[in-house]
Number of protein chains: 2
Amino acid sequence: MQSRTSVLIEGFARREGTERTGPCPVRDVLDRVSDKWSILLVVALAVRTRRFSALQRAVPDISKRMLTQTLRDLERDGLITRQVFPTKPPSVEYRLAPLGQSLLDPLASLMDWAGRRHAEISAARVRYDATGS
Amino acid sequence: MQSRTSVLIEGFARREGTERTGPCPVRDVLDRVSDKWSILLVVALAVRTRRFSALQRAVPDISKRMLTQTLRDLERDGLITRQVFPTKPPSVEYRLAPLGQSLLDPLASLMDWAGRRHAEISAARVRYDATGS
DNA sequence: CTGCATCCTCTAGGATACTG
DNA sequence: CAGTATCCTAGAGGATGCAG
């Protein structure tokens, strides 16, 4: 099973030599994925729908500022939806949109890789640092 | 097929409420993936083995500084290997290590997603911006 | 050619305080 | 509770020049 991989890589590499007609769409999307908090929030919302403060508890080391901003970005991209309940005090629920759901599978394969290869990577680091020092 | 996804998400979410015994391994690895240049270089090296200057041409908007640094990090993590040829002037070849190869599949599924959903995301953005303005 | 070292800029992002 | 506004710092990262 090399076909899918190579096709995608070719598509990704096609930029080489071609004058950019605008930013590469794949890179554009990957930029969002490689955002520091986006993945964390998507995963947090994959577990269940959550409110603002619940998200802050789920991802403890995010600041309110970044939480708000990242949620806005994800909403703008159609990955999550935001529903306001005009109670008193108001509450807001965030949930994964279908588009966000569709991201879970690729994300899972990445996290799966991370989990399986983590030990190997740590070992490589130790080895490298030992040699270098 | 929800099993694999949900298992991983649970593993990822398990941190909640647990005092951290150190940084989450998955997050640790994802930090590398979400590095601005790492993925680009891995993909560039997936196509073929390349030398330093060739990599700079493959990823035109990377600076020498960042190229060197990212290559070191990838080498340290065991994702790529570096081979020096003591010619005159010297040349250095970078190639994907097996560990790096193993990343291509998860990466492909992400890029596949990006490619397929990009239009949808762009549309969502336009819609969001239109409403907001 | 490869790649450090230096300097300098710019912005992501944290802390804090305030509002509907 | 769910944000917004302001301020401010650390670190990412570009440009340049030198060296092996």
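A quick note: this is a predicted structure, and the numbers were derived from the prediction, not measured. Numbers restart at 1 for each chain; the letters A, B, ... are given by sequence-line order, proteins then strands.
Side chain to side chain, B:S38 and B:T70 fail the donor-acceptor criterion of an N or O pair below 3.5 Å.
Of the side-chain N and O atoms in B:S53, one or more sit less than 4.0 angstrom from OP1 or OP2 of C:dT2. Contact annotation: A:R51 side-chain N/O to D:dA2 OP1/OP2 distance is under 4.0 Å. Proximity of B:R82 to the phosphate of C:dG3: a side-chain N or O atom is located under 4.0 Å from OP1 or OP2. Residue B:R72 places at least one side-chain N or O under 4.0 Å from the OP1 or OP2 atom of C:dG3.
A straight line from CE of B:M66 to P of C:dA5 spans 14 Å, rounded to a whole angstrom. The nearest whole Å value for the distance from the CD atom in A:E93 to the P atom in D:dG3 is 12 Å. Rounded to a whole Å, the CD atom of B:Q56 is 10 Å from the P atom of C:dC1. In this entry the distance linking CG of B:D31 with P of D:dG11 reads 15 Å, nearest Å. Residue A:F85 contributes atom CZ, which lies 17 Å from atom C1' of D:dG3 at whole-angstrom precision. At whole-Å resolution of the value, CZ in A:R32 and P in C:dA12 are 12 Å apart. Atom P of nucleotide D:dA2 and atom CZ of A:R65 are separated by 19 Å, given to the nearest angstrom. Summarising the geometry, the separation between CD on B:Q69 and P on C:dT6 is reported as 15 Å, rounded to the nearest angstrom.
Within 4.0 Å of A:Y94, counting heavy atoms only, lie sugar-phosphate atoms of the nucleic acid but no base atom. Using a 4.0 Å heavy-atom cutoff across all strands shown, B:K36 reaches sugar-phosphate atoms only and no base atom.
Between A:R32 and A:D73, some side-chain heavy-atom pair lies under the 4.5 Å cut-off. The shortest side-chain heavy-atom distance between A:R72 and B:Y128 falls under the 4.5 Å cut-off. Between A:F85 and A:E93, some side-chain heavy-atom pair lies under the 4.5 Å cut-off.
Heavy-atom distances to DNA chain C give each of A:P89 and A:S63 a nearest nucleotide, and the one nearer the 5′ end belongs to A:S63.
Ranking C:dG20, C:dG3, D:dA15 by closeness to the B:V92 side chain, first place goes to C:dG3.
With hydrogens and angles left out, the side chain of A:K64 and the base of C:dG13 share no donor-acceptor pair within 3.5 Å.
A salt bridge links B:D112 with B:R116: the closest approach of a Lys/Arg side-chain nitrogen to an acidic carboxylate oxygen falls below 4.0 angstrom.
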